[in-house]
Amino acid sequence: WAPFHITCFFLTLGSDFPRVDCVATGLPDPEVTWSLPDGTLINNALQSDDSGLRNRRYVIFGNGTLLLQQMGKRDEGDYTCYAKNKLGKDERKVSVKVGPNAPKIRLKSQSLVTVKLGGSAKLSCQATGEPTPRIMWISPRNDVISVSSDKFQIMDDGTLVVKKVILADEGKYACVARNSAGDDEPFINGMKGMSTTRVMAVSYQTALLDCKVEGKPEPRVWWVTPYGHSLPTPYLGGRFQVHRNGSLELRGVRKTDEGRYKCLAKNNLGESSLLVELDVASIAEKPSFAVPNIEILPIKQDGEAIILECPARGKPNPEFTWVLPNGTMLTPGVRLQRFTHHLGNGNLQISQPVASDKGVYRCLAKNVAGQAEKRYALEAGRKPLIRGSTGMFFISN
Ligand SMILES: *[C@@H]1O[C@H](CO)[C@@H](O)[C@H](O)[C@H]1NC(C)=O
Ligand SMILES: *[C@@H]1O[C@H](CO)[C@@H](O)[C@H](O)[C@H]1NC(C)=O
Ligand SMILES: *[C@@H]1O[C@H](CO)[C@@H](O)[C@H](O)[C@H]1NC(C)=O
């Protein structure tokens with residue numbers, strides 16, 4: 001009894017969405033992982049539901065089947081299926097070649113059909129190809145015939161029915177078979193459909209919003225700004241420029257450039273869009289102090305509190321931390337016995353100071369750009385003392 005067995009087979013015929021099945025049997029149920037030609041690993045344990053299925057290029061079902069959506073030439077390569085459970089593991093490699101198969105119309109190139117006036121004519125057109133071609137009919141007046149109307153009907157097998165034939169219906173009808181071999185709807189940055197991203201730019205600098213589009217026939221690509229302006233590819237504006245590769249470049253960005261930028265890509269097979277939320281941050285500045293970084297203060301034991309300030313400037317506003325002489329840190333709003341680090345202004349208050357409070361107090365001011373430090377050295381104050389002998393002085397002149 002083999003605890004484990006895998007068979008893989010690849011299905012493409014007659015399907016727009018090829019599937020690679022990896023039937024792994026085992027007890028307990030094996031976990032199936034697929035390795036794609038580009039090295040990406042997809043696991044069935046992580047992707048058991050089918051939500052968002054339509055937006056993903058690759059989907060793996062609970063049973064291990066890998067669904068390849070919208071396969072194109074770039075999806076060719078080796079697909080490896082790994083299955084494992086507690087008892088063992090197994091793997092199978094499947095080489096996938098994508099060979100588009102242009103449509104072929106069976107039957108000879110022209111045929112003559114004779115009908116009675118008032119009757120109906122059936123013109124058949126059978127085509128083979130992979131994916132299955134779609135049949136389109138062109139009328140003698142060079143119009144594309146719609147699937148169903150008072151006059152015409154196109155059956156599922158491609159047969160054109162001309163109803164209640166009159167003399168004016170006489171002429172040449174052309175059958176066109178077309179499939180999407182090698183065609184692909186647009187992908188933006190590797191994604192199909194609608195996607196969203198966020199970009200943080202720094203003011204007065206250059207921001208680059210990427211919109212890399214793939215698709216066949218080559219999609220039309222354009223950007224729409226938050227103010228509703230449409231910018232084609234390529235586009236050369238003042239501060240705004242759209243490069244040939246689809247990237248939108250904004251030079252010297254400012255706060256007013258913030259908003260939603262949309263990149264759209266469209267061909268006859270579909271449309272994809274990318275929404276970029278642009279945030280503009282003002283330039284960050286490291287905290288700094290205007291006054292000397294170290295000050296020496298006496299401790300006056302008159303019952304009045306000592307307030308140590310931490311007047312640092314910076315962009316964005318710095319956050320403060322006080323470090324007491326013994327290394328204890330006080331974050332904003334924290335109070336430790338007689339020591340309070342006030343919220344908001346960065347002040348450290350020492351209530352009813354005593355001589356033993358002496359030492360070096362450090363305020364650390366920090367923001368994204370860096371850190372600065374201010375120190376206060378508190379020295380135990382002494383009562384004023386007059387040197388010299390006491391006694392009486394006689395002053396004579
Ligand atoms: C696996 O599941 C998918 C989706 O439910 C199904 O289409 C496919 O046929 C299954 N494959 C096998 C081998 O059972
Ligand atoms: C697109 O082109 C611009 C200008 O040549 C370049 O700076 C940018 O890096 C390119 N973007 C991508 C995604 O290749
Ligand atoms: C540090 O000093 C503070 C204030 O005097 C005191 O509350 C705290 O317990 C001291 N911490 C340590 C670790 O000595």
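In listed order, ligands and their atoms are each counted from 1.
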Checklist entry - Any sub-3.5 Å donor-acceptor pair from D210's side-chain atoms to S247's backbone N or O? => result no
Checklist entry - Atom CG of D78 and atom NZ of K93: how far apart are they, to the nearest 0.5 Å? => result 4.5 Å
Item to check | Within the protein, residues bringing a heavy atom under 4.0 Å of ligand 2, chain by chain | outcome: L208, D210, H243, N245, S247
Checklist entry - Can you tell me how far the CG atom of D357 sits from the CD atom of E379, to the nearest 0.5 Å? => result 13.5 Å
Checklist entry - Against heavy atoms of Q337, which atoms of ligand 3 measure under 4.0 Å? => result 6 (C), 7 (O)
Checklist entry - Taking only residues at least two apart or on different chains, which pairs with a member in residues 260-285 satisfy salt bridge (charged side-chain N to carboxylate O under 4.0 Å, His left out)? => result R198-D279, R260-E277, K266-E271
Checklist entry - Which residues, ordered by chain and number, are linked to L248 in its hydrophobic cluster, where ILVMFWY side chains connect at heavy-atom gaps below 4.5 Å, directly or through other members? => result I188, V199, L209, V213, V221, W223, L231, Y235, F240, V242, L250, V253, Y261, L274, V276, L278, V280
Next on the checklist: Same cluster or not: Y173 versus V161, using hydrophobic residues (I, L, V, M, F, W, Y) connected whenever any side-chain heavy atoms lie under 4.5 Å apart?
Outcome noted: no
Next on the checklist: I'd like to check which ligand 3 atoms, numbered from 1 as shown, lie under 4.0 Å from a non-hydrogen atom of T328.
Outcome noted: 1 (C), 10 (C), 11 (N)
Checklist entry - Taking ILVMFWY side chains as joined if any heavy atoms are under 4.5 angstrom apart, and letting links pass through other members, which residues group with F289? => result none
